[in-house]
Structure formats: structure tokens, C-alpha cells
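One structure, as C-alpha cells, below. Some questions next.
Lettering follows sequence order; numbering is per chain, from 1.
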Amino acid sequence: MKGWQSFFKEALRGEEQAVARILTLLERGPLDDDLLKKIYESDSQIYTIALTGSTGVGKSSLVAQLTDFLARGQYVGIIAMDPRSSISGGAFLGDRIRLKEKAQHPRLFFRSFAPRGTPFSGYITAKTMARALGAFGFGCVLIETQGAGQSDWSLQHLADTTVLVLSPEGGDEIQMMKRGLIEWADIFVINKADRPGAKPLEYALMHELKDRGHTGWKPPIMLTSAQNGQGMDELFEAIEKHHHFLRTHGLIDQRRKSHQELECLLWTLSMTWQRVHRKLEHAPKQFLKNPYEGAKKILAEAFHGRKKSS
Amino acid sequence: MAQKGLSSIKILLAKVGLDGHDRGIKVIARALRDAGMDVIYSGIKQTPEAIMDAALQEGVDAIGISILSGAHMTLFSELLKLRKRKKLTDMLLIGGGIIPPEDIEKLEKKGVNKLWGPDTSTEDIIHFLKEKLLQSE
């Protein structure tokens with residue numbers, strides 16, 4: 001069995017098989033310190049787009065439609081994240097099914113995965129995969145993920161451009177997302193716009209977004225119908241415009257610095273989770289009677305050994 | 001204990017050729033997911049080429065094909081050829097459908113890792129994958 005070093009070299013030469021092997025290591029482990037070092041050292045400037053939204057709004061279909069645009073003259077990676085069942089531990093990864101004949105695009109690399117390990121694994125894994133693809137010469141990565149609304153604080157630091165997808169059926173979503181994604185998504189998409197309810201949703205959204213734009217970027221609302229390709233030119237144009245905006249306003253470096261901060265935080269949380277989880281399993285019962293004090297003791301034990309456990 | 005190990009199995013399921021009957025494969029997809037596996041379903045009417053490309057990009061441990069059209073000899077031979085050409089021989093190629101026993105024998109001799117006919121229990125498939133894939137860990 002070859003080590004990752006030879007796969008890395010082959011991947012740099014553009015060998016698809018080797019690219020896949022490296023992504024599998026990042027997805028499923030075991031992680032290798034030197035591999036991660038190599039990925040971060042390559043300091044890829046890959047343009048990253050995140051596309052998010054609730055289940056059933058048509059994210060995968062939009063992604064499939066965007067493939068042709070994004071893969072013009074460059075290699076594009078798509079990383080599709082799906083949830084894992086907490087009961088069986090299994091996952092159904094159905095994003096590829098929407099690709100249909102686009103799956104055969106010669107400049108597309110598509111990987112679906114369900115995060116494993118800790119609650120922090122998903123975004124950091126996706127981001128690290130994106131960086132690896134950047135190192136291997138890809139021009140753009142699109143990360144497709146399920147957005148849960150307010151709690152998705154880390155999503156905003158995942159990509160250069162974040163696209164939030166809504167559908168007319170999910171009109172109430174706006175209520176749920178008021179202080180979450182709505183506050184910072186860069187582009188809004190109302191997909192399935194051929195269905196009733198698209199216009200009222202657009203007005204409601206316009207109302208919510210009226211205060212946005214202090215950075216100089218007024219987030220556009222795009223109406224699309226991924227199924228018949230309607231509005232795709234315009235959506236791609238909006239993405240390009242945002243990319244251009246970030247570059248010409250010196251905002252891209254700022255974003256990338258916050259990406260790095262988030263990556264460091266997610267790795268920290270992920271490592272802490274693993275350590276603390278092990279400790280918690282073996283924690284004495286009295287720790288749990290006062291969970292607040294118990295937490296302090298477990299943290300102390302996890303990081304300083306046994307001496308402070310009195 | 002074995003169930004725990006299963007969570008590290010990733011499998012691609014697909015329908016090959018001109019065959020749109022996907023009820024069976026969806027039952028299997030659900031059963032494998034519930035057994036803790038990561039299941040990618042790439043849909044109906046896939047060409048052998050598209051299936052092997054997907055398997056490569058997704059980095060799966062096994063490829064499961066459902067075929068009810070009767071074209072299994074041609075299509076599995078094609079899949080075997082592509083698996084070799086794309087250097088994916090470490091991935092299991094398994095399948096099921098309306099395949100006569102003598103054809104199953106021939107195809108398994110040619111290199112298909114396992115084929116099942118009608119009335120196979122999902123448990124058999126799970127057991128097979130478990131045994132084949134968790135052994136080497």
C-alpha cells in the first residue's frame with residue numbers, strides 16, 4: 001500500500017485517483033500531521049463558494065446546473081455534505097443523483113460525505129478538502145451543505161461567497177432565519193420560482209434585507225428554477241460579481257483571515273471534544289450531580305492530568 | 001462490536017443500463033444505511049463508465065449494482081474492465097437482480113465479487129460486506 005506522500009505527488013500531477021485517495025484520508029482518517037502541514041503550506045487561494053438551505057429547496061439541482069458555468073476553463077470541486085443518522089451511524093448520500101449527465105464533466109470532481117467524529121467535524125473536513133483541492137490546482141470549490149438557520153454561525157466563515165437557497169414552500173423560514181443566515185449570506189436564491197409564492201417571498205426577503213449593504217455589497221435576490229435551468233446565467237453572474245467585489249474592495253484577505261481563525265477554532269473544539277468525551281465516560285458519579293462544577297473538573301482532568309481532580 | 005466497525009463502510013449503489021426499476025435498490029440503500037453504512041445512490045440508467053467514475057471520486061469501498069434488464073453479462077463485463085483500467089480493483093463489485101444461477105457463476109469467475117438473485121435477504125448482503133470489508137481492518 002502506497003503512503004499519502006506518493007498520492008500527494010500524483011495528485012499534484014492531476015491524477016484523479018490520487019486526488020480521491022487524499023480526500024478519503026481527510027474524510028475518514030487516519031489524519032496525518034504531515035499531510036495537513038503540506039495542505040496548509042500550499043496556502044491555496046482557491047475560490048470557495050458555500051451553498052446552503054433547508055432540505056428540499058433544490059440545492060443539489062442548483063449545484064448540478066452551476067457545474068457548467070463554474071467548470072469553464074478550470075477544474076471545479078464539489079463537496080456535498082449530508083447528515084449522519086445518530087441512531088444507526090449510517091448516512092444516505094443522495095446529492096450525486098441530481099448531477100445526471102453532468103457527473104461526466106471532464107473538469108468536475110464530486111465528493112459526497114457525511115461528517116464523522118465530533119459535531120465540529122463537518123465544516124472543518126469540508127474546508128480542509130477544499131484546501132487540498134486548491135493545492136492540486138482546482139480553480140474553485142463549491143461546498144453544498146444543509147443550513148440549520150440561526151445556529152449555523154460557522155458557515156459564514158467557511159467560504160468566500162455564501163449562497164442561501166430558499167423555496168416558495170418554505171416562506172416561514174425567513175422568520176426562523178431572521179438573525180442567522182439572513183444577516184450575512186451574500187446571495188439569496190429563491191428556487192422553484194415558477195411555483196406560487198415566489199413573489200411574496202421575494203418581497204418579504206427584500207424587507208428583511210433593507211438594512212444590509214453597509215459593506216458596499218447589497219445582497220441580490222435571484223429567482224431560479226433549477227429544474228428547467230431558468231435564472232442560472234443570472235445566478236452565476238451574481239456569484240462572479242460578488243467575487244469581483246471582494247477582490248476590488250480588499251475584502252478577500254479579511255475573509256480568509258476569518259476562515260483561518262474559524263479553522264483553528266474548529267480543530268481546537270474537535271480535539272477538545274474527543275479528549276473530554278473520553279473523560280466524561282469514566283467520570284465519577286458525583287461529577288454529574290453538579291454538572292457545572294463537573295465540567296470544570298473534567299476540563300482540568302482532560303488537560304492537566306489527575307492532579308487537580310480533588 | 002462488529003456494528004461499530006460497519007460505520008466505516010462507504011458504498012455506491014447504482015442502476016446500470018436501460019433499466020428504471022429502482023424499488024429494490026432503494027430498499028437495499030435503506031437497509032445498508034440502517035446498518036451504519038454511508039450509502040451513495042447515483043440513480044437509474046447509469047453507464048458503466050459513469051458508475052466507475054463516481055466510485056473513484058467518492059472513494060467507496062464497494063460498488064453495488066442492481067440490474068433487472070437481462071443485460072448483466074455485457075454490463076458486468078464492462079464494469080470489470082473499467083474497474084481494472086481505473087485501478088479500482090480494491091473496491092468490491094457486487095450486484096443483484098434477475099440473473100440466472102449459471103450466469104452468476106460465470107460472472108463471479110470473471111471477477112465480480114458477489115451476485116445475488118431474487119429473494120435475497122438484506123441481512124445476507126450486510127453480512128457479506130461486513131465480513132469482506134471489516135476483516136482487513
Engaged part of A:Q104 at the chain B interface, taking heavy atoms whose separation is under 4.5 Å: side chain

B:E78/B:K81 salt bridge by N-O under 4.0 Å criterion: yes

Worked check of side chain to side chain contact (heavy atoms under 4.5 Å, CB included) between B:D103 and B:H72: CA-CA 8 Å; B:D103 287 355; B:H72 46 265; 2.8 Å; yes

A:I22, part contacting chain B, at a heavy-atom distance under 4.5 Å: neither

A:S112 versus chain B, the contacting section by heavy-atom distance below 4.5 Å: both

Sidechain-backbone polar pair: B:R83 side chain, B:M91 backbone, donor-acceptor under 3.5 Å: yes

Region of A:E27 that comes under 4.5 Å of a non-hydrogen atom in chain B: side chain

B:R33 atom CZ: more than 12 heavy-atom contacts under 6.0 Å: yes

Pairing of B:D38 and A:R111 as salt bridge, 4.0 angstrom limit: no

Under 4.5 Å from a heavy atom of chain A, the part of B:K45 involved: neither

Option that, when pairs with chain A are counted at under 4.5 Å, heavy atom only, ranks first among B:A29, B:G43, B:G59, B:A14: B:G59

Within 6.0 Å of NZ in A:K102, more than 12 heavy atoms from elsewhere: yes

Heavy-atom contact with chain A under 4.5 Å, split by part of B:E49: both

